[in-house]
Protein chains: 2
Amino acid sequence: MKPVAPQIRIARPPTGSDVARAAGVSKSAVSRAFNGGLVSEDARARIFEAARLLKYRPSLTARSLTTNRSGLIGVAITHLDNQFYPEVIEHISDRLREEKYRLVLFVTQGATDLEPMLDELLGYRLDGIVLASSSLAAQLATECRESNVPVIMFNNIDPQGRAPGVTTDNAAGAAQIARFLLAGDHRRFAIVTGIADSSTSMERCASFRETIAAAGLPEPARVSGEYSFEGATRATLELLRGKDAPDAIFCVNDHMALAAVQAARTAGREPGRDISIVGFDNVAIAAWPAFALTTYAQPVRQMTDNMISRLLQAIDGKPLPDETVRLPGRLIVRATARRPAGVRTDEEGVDYWEG
Amino acid sequence: MKPVAPQIRIARPPTGSDVARAAGVSKSAVSRAFNGGLVSEDARARIFEAARLLKYRPSLTARSLTTNRSGLIGVAITHLDNQFYPEVIEHISDRLREEKYRLVLFVTQGATDLEPMLDELLGYRLDGIVLASSSLAAQLATECRESNVPVIMFNNIDPQGRAPGVTTDNAAGAAQIARFLLAGDHRRFAIVTGIADSSTSMERCASFRETIAAAGLPEPARVSGEYSFEGATRATLELLRGKDAPDAIFCVNDHMALAAVQAARTAGREPGRDISIVGFDNVAIAAWPAFALTTYAQPVRQMTDNMISRLLQAIDGKPLPDETVRLPGRLIVRATARRPAGVRTDEEGVDYWEG
DNA sequence: ATGAAAGCGCTAACAT
DNA sequence: ATGTTAGCGCTTTCAT
């Protein structure tokens, strides 16, 4: 005994065949019409009209099965509370939209396992992957490459240079900050670092120390701010407590520098007058009047442009060399650090220092 | 004349057939093994072993073609510079991961056309869509629903209630802020609003005005801060310039309130002493010592939980009623507004006011 | 418990 | 310029 009524089905999106039927052509004609193939004006017109009527949109899922392209780029990112990353996401998103790719976002937790992460990243046949600021980024990168998915690292690179990546020239930046502070007559330096295994933190830290050492001054004190606001607050307070408190603190990123500025005030020291604090990133908040943070600006736009271009090339089959591109930034001078001579102003009224 | 050498092909990811062959079973067996179907212990073991060796991961793209589920949830969002949204993204991302969905992020521009947006959203057969803070959200919502894709609005709802959504109870929140300010003996009120067609801004604004009116006090001045930092700065400065300058400013969100606080200082008025400023959202930055912003906290966690649960139910076929769920928040008392009587402290040391 | 076969919506050779 | 055909990698009846 069969059911009398046909099964009620949810209205399904129209397919290319539906359009073909309505327009009186074959599926292939429809496909060609939507992909810039050869179709007569006449047919093309009928096809688009039918498509419009039926509200047809090609299923990108089905398409990706045959083209072997998903149109999806994965972006793995942490520390969304650090304003730098939302800014990065906006830039990436802009570029990707221009290039007709969609952005699949993976907000990675602090300590995640590698495997589940990989299942997520590799299960979808993402066309490419951007690894920004994840602590397991370097490991992820090698795994993904084994699976033949183009990967590129952003702002946090593989220290051994075994994966393609883009960063600001951290060494140059940190060295310039050190020279700036030296020129400002500071003598007792300290560094608030990020998490231990962060390449970014290590590079900036190392270069800063070298420059200070080269000037013949004592080794800067170092405390980890763990890349968090609270961590940096604690770190700064700890640095300020000692009798040999520093007269200049370099925070490895702005997120922590902003915490440091406030911590210093809490401790009764006004940055720029009683103590100098310099950050790295030049996030939007750094320019806020409440902070006026002196900081080294990362060229975010250029970094994302370079990264996406290279990634797309790799997707198009051009092999991506394991090269780390290091782009130069600029030291933006505001008010949280004593100003040495040589500060200049650009056309837009921004003060900067080139040593 | 044919080419002699076969075309060199990039190593392709292994397929279910590869695994089946290696394990000596059929494709269907592999599929069942990976989907909790009926397979003998023996076969299952061989299948997983083969899969491990070949590094096989089922193609979710192909799967979605047959199951008609993509496992993708679209999230459309603007104003990433407003720290509220990165926070929201983190919460959404957490929940989605738990539920085995991936997040496709659409950072919508200020003024985008509807159509390209729709092509993007509907082309991928997204299982569901979250519309947060887009100015065209209400229009997008109706369009998507016509295409049978579950949609839910977040923090910015359809004023006519023709689409499901979640917000904080904006009316209750704004009214409470007004009562708080009234209790603090303020008399000349002003509002810094968001963009004109934002439901959120309108709701908060309307309720605030009603409460002030009900108290028999003159209509608050209103200036648009356009949801931007610069806009809010200008708006505040403008308000402060007049001879009849307000003694209390309600900013429709924290992002603008933070600008207002700094603008007030620029104008020589210290918030909490010379003028009172209250925000809405309770973003992380509001708690920073530099601001200590008094603000109405949105229950972000509950909002996203509610939203995702409902969205997933809709995806599972349970029809989603066009209901706007309004969750209660809490007025967090910090230092930017004069404190009336009745401020209490919770277990975590947070000061709040319930009127 | 297992396999064969059909089909999801599309694209891409290959004919014509 | 257009249609036919054969998959893409998977799930899902339907037999066995």
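By convention in this document, chain letters (A, B, ...) are assigned in the order of the sequence lines, proteins followed by strands, and residues within each chain are numbered from 1.
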### Query
Closest nucleotide of DNA chain C for Ala29(B) versus for Asn68(B): which of these residues is on the 5' side?
Ala29(B)
### Query
Mind checking whether Phe48(A) and Phe34(A) have parallel, tilted or perpendicular rings, split at 30° and 60°?
perpendicular
### Query
Does Tyr124(A) put a side-chain nitrogen or oxygen below 4.0 Å from OP1 or OP2 of dG9(D)?
no
## Note on the structure
Separation of dA1(C) atom P from Glu41(B) atom CD, nearest Å, is 11 Å
### Query
For Val25(A), which contact category applies under a 4.0 Å heavy-atom criterion: base, sugar-phosphate, or nothing?
sugar-phosphate
### Message
Check this for me: does the side-chain of Ser40(A) come within 3.5 Å of the base of dT2(D) through a donor and an acceptor?
### Response
no
### Message
dT11(D), OP1 or OP2 - any side-chain N/O from Ser31(B) closer than 4.0 Å?
### Response
yes
### Task
Calculate the interatomic distance between Leu60(A) atom CG and dT11(C) atom P; express it in whole Å.
9 Å
### Task
Would you mind checking if Asp305(B) and Arg310(B) are paired as a salt bridge, meaning a charged N to carboxylate O distance below 4.0 Å?
no
### Query
Looking only at N and O atoms, is any donor in the side chain of Arg125(A) or the base of dG9(D) less than 3.5 Å from an acceptor on the other one?
no
### Task
Would you kindly give the CZ-to-P distance between Arg57(A) and dC10(C), to the nearest whole Å?
13 Å
## Note on the structure
Here the distance between atom P of dG9(C) and atom CZ of Phe34(A), to the nearest Å, is 16 Å
### Arg12(B) bridged to Asp18(B) by N-O distance under 4.0 Å
no
### Query
Do the side chain of Ser26(B) and the base of dA4(C) come within less than 3.5 angstrom through a donor-acceptor pair of N or O atoms?
no
#### Entry: Nearest-neighbour nucleotide for the Val39(A) side chain, dC10(D), dT2(D), dG9(C) considered
dT2(D)
### Task
Using whole Å, report how far CZ of Arg63(A) lies from P of dG9(D).
18 Å
### Message
Less than 4.0 angstrom from a charged side-chain N to a carboxylate O is my criterion; do Glu49(B) and Arg52(B) meet it?
### Response
yes
### Task
Consider the side chain of Arg32(B), meaning its heavy atoms from C-beta on, and name the nucleotide among dT2(D), dC10(D), dT13(D) that approaches it most closely.
dT13(D)
## Note on the structure
Whole-Å distance, Arg12(B) CZ to dC8(D) C1', equals 8 Å
### Summary
Considering only heavy side-chain atoms of Leu65(B), the closest of dC10(C), dT11(D), dG9(C) is dG9(C)
### Message
Would the distance check show the side chain of Thr200(B) and the main-chain N or O of Asn155(B) forming a donor-acceptor pair, the cut-off being under 3.5 Å?
### Response
yes
### Query
Atom CG of Leu38(A) to atom C1' of dT2(D): distance rounded to whole Å?
10 Å
### Message
Rounded to whole Å, how long is the line connecting atom NZ of Lys27(B) with atom P of dG7(D)?
### Response
12 Å
### Task
Have a look at Tyr56(B) and say if it touches a base, only the backbone sugar-phosphate, or nothing, with a 4.0 Å heavy-atom cut-off.
sugar-phosphate
### Message
Under 4.0 Å between a side-chain nitrogen and a carboxylate oxygen: does that hold for Asp127(A) and Arg102(A)?
### Response
no
### Message
Any side-chain N or O of Thr66(B) below 4.0 angstrom from OP1/OP2 of dT11(D)?
### Response
no
### Task
Give one of base, sugar-phosphate or nothing for Ser28(A), where a contact means two heavy atoms less than 4.0 Å apart.
base
